[in-house]
Amino acid sequence: MNNFTYTQADGVDNAVQEIAGHSEARFIAGGTNLIDLMKEHVMQPEHLIDINSIHLNSIEFLEDGRLHLGALVTNADTAWHPAVEKHYPLLSDAILAGASPQLRNMATNGGNLMQRTRCYYFYDTTTPCNKREPGAGCSAMNGYNRIHAILGTSPHCIAVHPSDMCVALRALDATIQVKGLHGERLIPIADFHRLPGDTPQLDNNLAHDELITGIILPREHFTQHYKYLKVRDRASYAFALVSVAVVATMEEGIITNIRMAMGGVAHKPWRDENAEQWLKGKPATQENFAYAADMILQDAKTFGTNDFKPALAKRAIVRACREATNIG
Amino acid sequence: MNNNTNYIGKPVNRVDGYAKVTGGAKYAADHHARGLCYGVVVSAGIAKGKILHIDTTEAMQLEGVFKIFTHENVSGLAWFNHSYKDMDAPPGKHFRYLQTDTITYSQQPVALVVAETFELARYAASLVKVTYKADAHVTNLTGNLDQARPPKGKKSGFKKPSSRGHFDKAFTAAPVTLDATYFHGAEHHNPMEMHATTVLYYKNGSITVYDKTQGILNTQSYVKSVFGLSGRKVKALSPFVGGAFGSGLRPQYQLFMAVLASLELKRSVKVMLTRQQMFSLGFRPITQQSLSIGSMEDGSLQAIKHEAVSGTSQFEDYVENIVNWSGMLYHCKNVKQSYQLVSLDTYTPLDMRAPGAVTGMFGLECAMDELAYKLNIDPLELRYINYSVEDGSMKKPYSSKALRDCYQQAAERFGWSQRNPEPRSMKNGHLLTGWGMATGMWDAMTVPARAKATFTADGRLTVGSATADIGTGTYTIMTQIAAETLGLPMDNVTFQLGDASLPYAYLEGGSATAASVGTAVQKACMQVRERLLDLAKDIPDSPFKGLSVAQVSFADGMMFMTETPANFIHLKDIMTLTDTGEINVTSTPLPNVFKQMKYAKNTHAAVFVEVQVDEELGAVKVTRVVSAVAAGRILNPKTARSQIMGGIVWGISGALHEESVLDHQFGRFINHNYAEYHIPVNLDINDIDVIFVEEQDDVVNPMGIKGVGEIGQVGVAAAIANAIYHATGKRIRELPITLDKLL
Ligand SMILES: Cc1cc2nc3c(=O)[nH]c(=O)nc-3n(C[C@H](O)[C@H](O)[C@H](O)COP(=O)(O)OP(=O)(O)OC[C@H]3O[C@@H](n4cnc5c(N)ncnc54)[C@H](O)[C@@H]3O)c2cc1C
Ligand code: SF4
């Protein structure tokens, strides 16, 4: 860990000013990801801006009925919040599928959106990694890539975004509220995280001097038909090999609306609107879900130790859709 | 006679439990001293090659950095290879840290940064720039099986594989045959407490070393011989160890580093490895094994061939007993065994809980299950058919072997008779249930151990031996044995260990401590008994005059005449009336070698497992485990049960989760952290039922103790793999059985 200076911001504006003035500064919230990365010398910020006291720790309904989750609310408090449990059970389930109770008590909503990949090589500074050091090469491509991406990869990086929460947010079409020196900006979750392309060092589209202030959940609640399915290497406390968040509306066995977001398969929570469109108006059947899964996965590309993922992903999609639509 | 001081066989609570849960127990890194400084190790980033340059300029410029030790400035240490040998060293050229520019394995320590604070040392370590010339490395065992060769030299506890009869002929003639190959990768011990050493430095040049070890004498002798110090100058202590599982059997490099820095800087120094660096230590070796079994239609075994190839380092030949079990467990006339090594550019493997048996019994007991299916015979029945009362490899009967009772009791508890042998016969939606079983086997060893006992006039007894308690319960069972032997309340008895000034005890390993140190403790207390009786005879009008020690008993703080218990005397009164301050004895038990030579001495277990497999997603859940263990006399069913449960949990881990993944691009273990090195969490562990089938065995030692530290794990992985086959119809011969293998 390198030497760094530390300051505590007392409000949103103060936090934004602090970061704007320092290109090597970082916000620190729960610290559950950043501190690890600092200990491993993967990130070496010179200045830490503690944002735990900037008053973004409430969950409230907006006037139009949408729900606003403060960026500093912990993952635990979010998952167990009555409004979230009642109206967005998918989000509760997804958050509770992640990490461990201890981590969720510390982890914040903003930090979860910003958490970095768990790629083994990204964490080991003795190995080349384009995300850590653009141009160095990608060790995972020909290495151990069991937890790596199959969709939207680039020759520069095949890492995945490891979050569970974000997969649910993608299915729910959440909006990320951010604030910079020049005011506020709303970023649809679909545009928040990036694909690696030739800039694998960038995980998302948040500017260096912007602060996440909250997450806005739309009024559509999906409390009837939803499922968060996480497939992992042990029953708890492991990142997803593949995860699927499904929300749907149904009328007499016919799918009237469906969204399927996937984790563990790409550099961002993955959705395929074509497949969703194809399912609309069709009966909820194993065959239809399998067909949709094939559509989602048709361009899947594997790298050796993750060759099993397309098959697993397909089964996971079908299972999650089946359970969400109660066809068993 | 009222007896409240019988403790052996009772589920007594841990005597060190309170200290452990209240923070009173101090582990190696918990010790402090004024002016203590901190060492942080820099590890190599390549697997093979040369260090061209180590640039320490930037790091040394930081205020508070005292010194950076590298091969360029470390000298004057022991010259001969044997000075670096330790009690558990395999044959070869033992590694000398910081004394070469050659890199022999990834994560080899290349520098030690010592600074005023830990944070500073860690930061300075990140500024040390090492440049290398990398050479091509070889870390892939399966790609280099053609390099396999017999091991060189001997290691303590290693038995050469032994063949008998005519395997080839018998195998060819056998009507039913099976050939199967099994594999597992490396596993690192990863005890909760990382390896740490604190060295306290005194003005007169002597040091006190707090080390994480399974043998404090091993620590002391290593320090003495490597640094050329006399015994008087090195006090070595290790009263508490936060798990080790074998990783503490050899002195690890934090010990070398801390002593080096302390002697050079004349300061107290602490060095603790990081979790990542725990993957630079020894590990369970990567092993490929093949079994060929021939049998008659009725299931009787005609021929077994068991061959294994394991990886070792380039400088030492680590060996373990992998194939030997298949010459011991079953009745079979024709057995062929071979065990070979391939030198890889890794560090030397190291004994890990039931070394060799966990691996070899996984192969053997999976193969037996495969054979049972070929024969259409119940897997348990097949074990009964080939049950052996003698160890066929030595042609000696077992001193005791209650394995048949283990099979019966565990099978009954589990409900095995209800089993439909048909794979995939228990299906409920997408969940498949399977039942599998396997046998466990381990050695009942005795190693040299001595103990001393001091009984004082206040009625207190202190017993000590330089053994270890790595969380296993040594403190507790030794206290029980001592208290019961002298008939004292446990509160009056203190047991000491982990101190090199105590009487000799061999490493705490091989499940031999309870038997070996326990015998020494009992003997020391017997000697105290004799001394007390002798003293009592000196008391005027003593009713004990003329009695031998066999005619008296000890209980409730008193000595009784066994025949007429109304004749008794308080032990304290013996001391006061004879004006005796204290009684001191040291015991050196000598095993009855002539008696023992005639027998094979082993522990056994029968493990039955239920798994649930999600057929669509491949996820496996072990829903039920019943294990019946025959391990002689159980001193404390509570601590013993914990040992067996821990072994079972690790068995589940090895079967389903755990693997140190080697990336052959870099020759490096790549999942070197607890997030990606998976071991089971609470949610993965369900019902575990442990049955002890007690054995009377006066061959192993007078108390009939066999040890329970390792047997619990042996066979578990095979039982799980067999249950998975029963559930799914899929034979997975490679561990861990992760879900992708079942898709
Ligand atoms: C062992 C382990 C297992 C885990 N398992 C899972 C899992 O299964 N599923 C899962 O989803 N997650 C898992 N996690 C990750 C965990 O969810 C994240 O570490 C956590 O959400 C990060 O939140 P934090 O508040 O601690 O972030 P911090 O560590 O404080 O910050 C992380 C990053 O976010 C930035 N940041 C924080 N808040 C803001 C903000 N308001 N605006 C802009 N930038 C901000 C920081 O600058 C930093 O770069 C696991 C973590 C660990 C250590
Ligand atoms: S996958 Fe991405 S993060 Fe991993 S090594 Fe390659 S570039 Fe780095």
Side-chain angles (χ1 to χ4, degrees), chain A residues 1-4 32-33 36 38-41 44 99-100 103 118-121 123-128 137 139-147 162 229-239 241-242 244 286 305-320 322-323 328, chain B residues 43-47 62 106-107 118-120 122-123 125-127 130 132 274-276 429-430 614-622 652-653 656-659 661-666 668-686 736 738-743:
Chain A
M1 195 180 268
N2 58 308
N3 282 337
F4 55 86
T32 59
N33 192 210
D36 275 358
M38 288 172 69
K39 285 205 247 177
E40 300 287 321
H41 308 113
Q44 301 190 304
S100 66
L103 281 159
R118 308 304 292 201
C119 170
Y120 318 102
Y121 307 93
Y123 263 83
D124 187 333
T125 54
T126 67
T127 62
S139 298
M141 202 77 72
N142 299 311
Y144 187 60
N145 43 45
R146 175 176 176 76
I147 57 173
L229 176 70
K230 180 173 180 180
V231 188
R232 52 188 142 178
D233 275 329
R234 59 183 166 194
S236 173
Y237 197 44
F239 289 93
L241 288 167
V242 168
V244 185
Q286 168 94 13
T305 30
N306 73 353
D307 289 350
F308 68 94
K309 270 197 177 182
L312 178 65
K314 178 175 178 182
R315 292 166 183 219
I317 294 168
V318 173
R319 169 83 77 87
R322 250 170 36 210
E323 293 190 10
Chain B
S43 314
I46 62 164
L62 297 172
S106 186
Q107 280 198 307
F118 168 68
E119 290 74 13
L120 186 61
R122 184 169 60 178
Y123 176 48
S126 76
L127 299 178
V130 189
Y132 305 97
T274 62
R275 178 59 63 193
Q276 285 71 14
H430 49 76
D614 186 319
E615 189 180 13
E616 287 173 355
L617 306 176
V620 180
K621 181 170 166 183
V622 177
I652 294 172
S653 187
L656 302 180
H657 304 290
E658 200 169 338
E659 182 175 14
V661 178
L662 254 175
D663 178 308
H664 299 306
Q665 299 173 101
F666 307 106
R668 188 172 174 88
F669 292 110
I670 201 66
N671 56 338
H672 45 41
N673 60 66
Y674 261 176
E676 299 303 337
Y677 183 81
H678 291 152
I679 54 171
V681 295
N682 266 326
L683 207 53
D684 292 296
I685 303 302
N686 298 284
T738 44
L739 54 86
D740 47 298
K741 295 178 183 153
L742 290 167
L743 292 178

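Since this is a predicted model, take the numbers as computed values, not measurements. In what follows, chains carry the letters A, B, and so on, assigned in the order in which the sequence lines appear, proteins first and then strands, with residues in each chain numbered from 1.
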[X] versus chain A, heavy atoms under 4.5 Å apart: side chain, backbone, both or neither?
X      : value
B:A619 : neither
B:L120 : neither
B:Q107 : neither
B:F118 : neither
B:H657 : side chain
B:H672 : side chain

Identify which part of [X] has an atom lying under 4.5 Å from any heavy atom of chain B, answering side chain, backbone, both or neither.
X      : value
A:N142 : both
A:S139 : both
A:R146 : side chain
A:K39  : side chain
A:N3   : both

Highest number of heavy-atom pairs under 4.5 Å with chain A: which of [options]?
options                : answer
B:L683, B:V620, B:L743 : B:L743
B:L662, B:D614, B:N673 : B:D614
B:K741, B:Q276, B:E119 : B:Q276

Exercise. Using only heavy-atom distances, determine whether the side chains of B:D663 and A:Y121 contain a donor-acceptor pair under 3.5 Å.
Key: yes

Rounded distance [0.5 Å steps], [atom1] in [X] versus [atom2] in [Y]:
X      : Y      : atom1 : atom2 : answer
B:I652 : A:R234 : CD1   : CZ    : 14.0 Å
B:L617 : A:K230 : CG    : NZ    : 14.0 Å
B:I670 : A:T127 : CD1   : OG1   : 5.0 Å

Ring pair (Phe, Tyr, Trp, His ring centres under 6.0 Å) filter on A:Y123, not counting sequence neighbours, yields none

Sequence neighbours excluded, the answer for ring pair (Phe, Tyr, Trp, His ring centres under 6.0 Å) partners of A:Y237 is none

Margin query: As a quick check of understanding, evaluate side chain to side chain contact (heavy atoms under 4.5 Å, CB included) for A:L312 and B:D740, giving each step before the final call.
Written below: CA-CA 8 Å; A:L312 178 65; B:D740 47 298; over 6 Å; no

Counting heavy-atom pairs under 4.5 Å with chain B, the top scorer among A:V231, A:T125, A:D233 is A:D233

Between B:E615 and A:R315 the two heavy atoms that sit nearest each other are O-NH1, 3.4 Å

### Task
Kindly indicate, with the supporting measurements, whether the criterion side chain to side chain contact (heavy atoms under 4.5 Å, CB included) is fulfilled by A:Y144 and B:Q665.
CA-CA 9 Å; A:Y144 187 60; B:Q665 299 173 101; over 6 Å; no

